[in-house]
Amino acid sequence: MSNKVRVRFCPSPTGDPHVGMVRTALFNWAFAKHNNGTFVFRIEDTDTSRDSEESYQALLDSMRWLGLNWDEGPEVGGPFGPYRQSERMDIYKDVAKKLYEKGFAYHCYCTQEEVEERRKAQKEKGQTPGYDAHCRELTDSQIAEFKCKNREPVLRFRMPSKTISWNDLVRGELSFKHEHIPDYVLVRANGDPLYTLVNPTDDALMEITHVLRGEDLLSSTPRQIALYEAFKEIGVGKGITPDFGHLPYVMGEGNKKLSKRDPESSLLLYRREGFLPEGLLNYLALLGWSFGNDIEFFSMQEMADNFEISRVSANPARFDIKKCTAINADWIRKLSVPELANRMEKQLIDSKILPNSPSPEQKELLISATPLVQERLETLSQVPGMLSFFFVSESEFVVDKEDAKNTLTQDLLPALEKSVKLLRDIPEFKTQSLHDELNKLLVTEMGLKPRVIFTALRVAVTGRKVSPPLFESMEIMGRDKVISRIEKCLKK
RNA sequence: GCCCCUGUCGUCCAGUGGCCUAGGACGCCGCCCUUUCACGGCGGUAACGCGGGUUCGAAUCCCGUCGGGGGUACCA
């Protein structure tokens with residue numbers, strides 16, 4: 001069991017969770033499940049200036065909403081905890097010390113300005129800019145001199161002079177020459193450990209075997225691999241370097257990476273807009289991965305069963321809201337009626353159309369209305385607009401002005417009057433007989449166009465041109481409500 | 001500038017030397033169904049960035065070129 005797959009998802013709690021992040025989490029999750037491995041959830045909150053408790057909570061909440069359950073991590077625990085980096089500072093301090101003592105890292109006294117200036121000079125000469133190893137071999141007297149100037153050193157990693165290559169899980173063989181990977185900072189002058197140190201440290205300590213992360217981390221991989229080799233020497237972790245796989249970007253409109261700042265990248269937005277976690281995840285899975293056949297509609301479990309990392313594409317994918325919506329609509333249609341009704345209920349409560357605890361009658365009404373809208377919903381946010389007419393009281397009910405224009409016209413009033421009479425007398429207030437009788441009266445006898453008169457009735461009864469099927473809606477509402485609404489129109 | 005990644009319909013994905021006159025999905029257009037809108041059904045639209053090779057044969061291999069993205073931090 002020692003070669004068990006262990007992967008991690010390790011976001012920073014800064015700002016709202018976004019869809020690119022979800023995609024990364026999903027692929028890690030699927031990879032873990034597929035390989036019967038462990039999915040570790042770790043919080044990288046070492047940057048106190050940017051992290052917030054609020055984001056942290058939003059992160060956990062989002063992961064739970066999506067159903068991306070973790071085997072180890074916050075609130076779940078596990079043998080490698082704690083899983084929040086802010087609680088692991090002593091560990092990093094210790095690793096940094098070992099690195100320094102064994103000569104894998106050194107103190108660098110250069111100021112940021114000095115480094116920047118030399119970088120500029122390198123650029124002008126057409127060289128790869130980067131730290132020039134200035135402080136690699138300082139003498140004691142040089143160090144003493146810096147100390148006199150009250151300079152606090154940063155801790156820099158001593159990159160080995162060799163080409164570093166690895167077989168990327170999604171991109172294949174990759175290699176970087178040592179002159180392009182300068183010595184980099186592990187610990188700030190003020191003592192704060194950086195991502196460059198804490199991320200590999202925790203991966204090593206948590207015995208992570210596969211690192212699946214965004215393409216943006218691609219260029220930092222060689223330095224991490226070198227760090228792992230040092231870890232092996234100083235006994236941090238089990239001495240294994242994980243396999244790396246770099247996932248392509250999720251792009252927004254145009255050609256830019258979907259960043260946290262883009263509103264359309266916020267997971268919360270999609271949640272608010274009434275996307276189902278199933279639908280969103282299904283769509284995100286398609287961004288960079290496929291079964292290899294033409295199947296595009298699948299559950300997370302099916303994805304996990306079939307997830308091959310080698311099938312992940314390396315090219316960036318644009319997030320297409322239209323397709324995401326289409327898949328979401330498929331998922332809505334796939335839900336069972338009680339399940340959909342349940343989710344719609346939440347939506348209706350949130351938009352104040354239903355009270356916090358709906359009455360049994362309201363619940364029943366919702367259940368019977370659900371099949372009528374199931375195939376016309378794309379997102380849950382459309383529910384209130386489509387169903388409110390069922391629930392509002394007669395005094396609150398209003399006909400949409402725009403929709404009434406050109407549909408509820410003067411010349412149709414006689415027909416509506418006759419309809420009311422018919423509705424009052426019809427023995428069976430059921431879909432079929434309503435359809436038959438109204439059709440007979442209005443179309444056959446009065447010679448009206450079905451399209452015209454039924455649209456008028458629809459607007460009168462539901463308040464909208466677009467609504468659940470008319471006769472079904474009438475049956476569900478019941479005789480009194482239907483008649484009262486038509487009469488209301490007649491009075492005007 | 002330097003380094004790295006990447007390049008098939010508008011978008012996402014399929015395609016790893018002949019099954020490709022390039023397939024599916026979303027979008028868009030048209031038709032059918034129909035009491036509106038949808039749903040569903042049917043059909044259409046539309047792509048291998050470019051130039052050289054290699055080969056009997058290339059979207060698939062090689063070289064070049066152009067384009068897109070990222071990195072080049074005491075960010076991640």
Quote, to the nearest angstrom, the C1' distance that separates B:rC3 from B:rU60. 28 Å
Pairwise C1' distance for B:rA22 and B:rA46, with rounding to whole Å: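 It works out to 12 Å between them.
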Please determine, for the side chain of [X], which listed nucleotide ([options]) has the closest atom?
| X | options | answer |
| --- | --- | --- |
| A:N315 | B:rC12, B:rG40, B:rU6 | B:rU6 |
| A:R119 | B:rC74, B:rU35, B:rA73 | B:rA73 |
| A:M251 | B:rG69, B:rC3, B:rA76 | B:rG69 |
| A:A314 | B:rC74, B:rG15, B:rU6 | B:rU6 |
| A:P316 | B:rU6, B:rG24, B:rC26 | B:rU6 |
| A:E296 | B:rG24, B:rC5, B:rC74 | B:rG24 |

Can you tell me the base-pairing partner of [N]? Count Watson-Crick or G-U wobble geometry only, both distances below 3.5 Å, and say none if there is no partner.
| N | value |
| --- | --- |
| B:rU60 | none |
| B:rG30 | B:rC42 |
| B:rU35 | none |
| B:rU21 | none |
| B:rG49 | B:rU65 |

Please work out if [X] contacts a base, only the sugar-phosphate, or nothing of the nucleic acid, heavy-atom cut-off 4.0 Å.
| X | answer |
| --- | --- |
| A:R458 | base |
| A:F297 | nothing |
| A:A189 | base |
| A:K322 | sugar-phosphate |
| A:R464 | nothing |
| A:C110 | base |
| A:R223 | base |
| A:V185 | sugar-phosphate |
| A:D216 | base |
| A:I327 | nothing |
| A:G214 | nothing |

Can [X] be said to sit on top of [Y]'s aromatic six-ring, NZ or CZ under 6.0 Å from centre and within 45° of the ring axis?
| X | Y | value |
| --- | --- | --- |
| A:R156 | A:Y131 | yes |
| A:R485 | A:F397 | yes |
| A:R223 | A:Y184 | yes |
| A:R311 | A:F307 | no |

Side chains of A:Q112 and A:E116: donor-acceptor distance under 3.5 Å anywhere? no
Ranking A:E116 and A:P248 by the position along RNA chain B of their nearest nucleotide, the one closer to 5' is A:P248
Closest nucleotide of RNA chain B for A:Y249 versus for A:A317: which of these residues is on the 5' side? A:A317
Taking only N and O in the side chain of A:S290, is any of them less than 4.0 Å away from OP1 or OP2 of B:rA14? yes
I'd like to know if A:R318 reaches the base of B:rC12 with its side chain such that a donor and an acceptor end up less than 3.5 angstrom apart. no
Is the A:F275-A:W331 ring centre distance short of 6.0 angstrom?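 No; A:W331 has its ring centre 6.0 Å or more from that of A:F275.
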Check A:C135 against A:Y106 and note the closest heavy-atom contact, atom names and distance. O-CD1, 3.4 Å
Spacing of A:E113 atom CD relative to B:rC74 atom P, expressed in whole Å: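 My rounded result for the distance is 11 Å.
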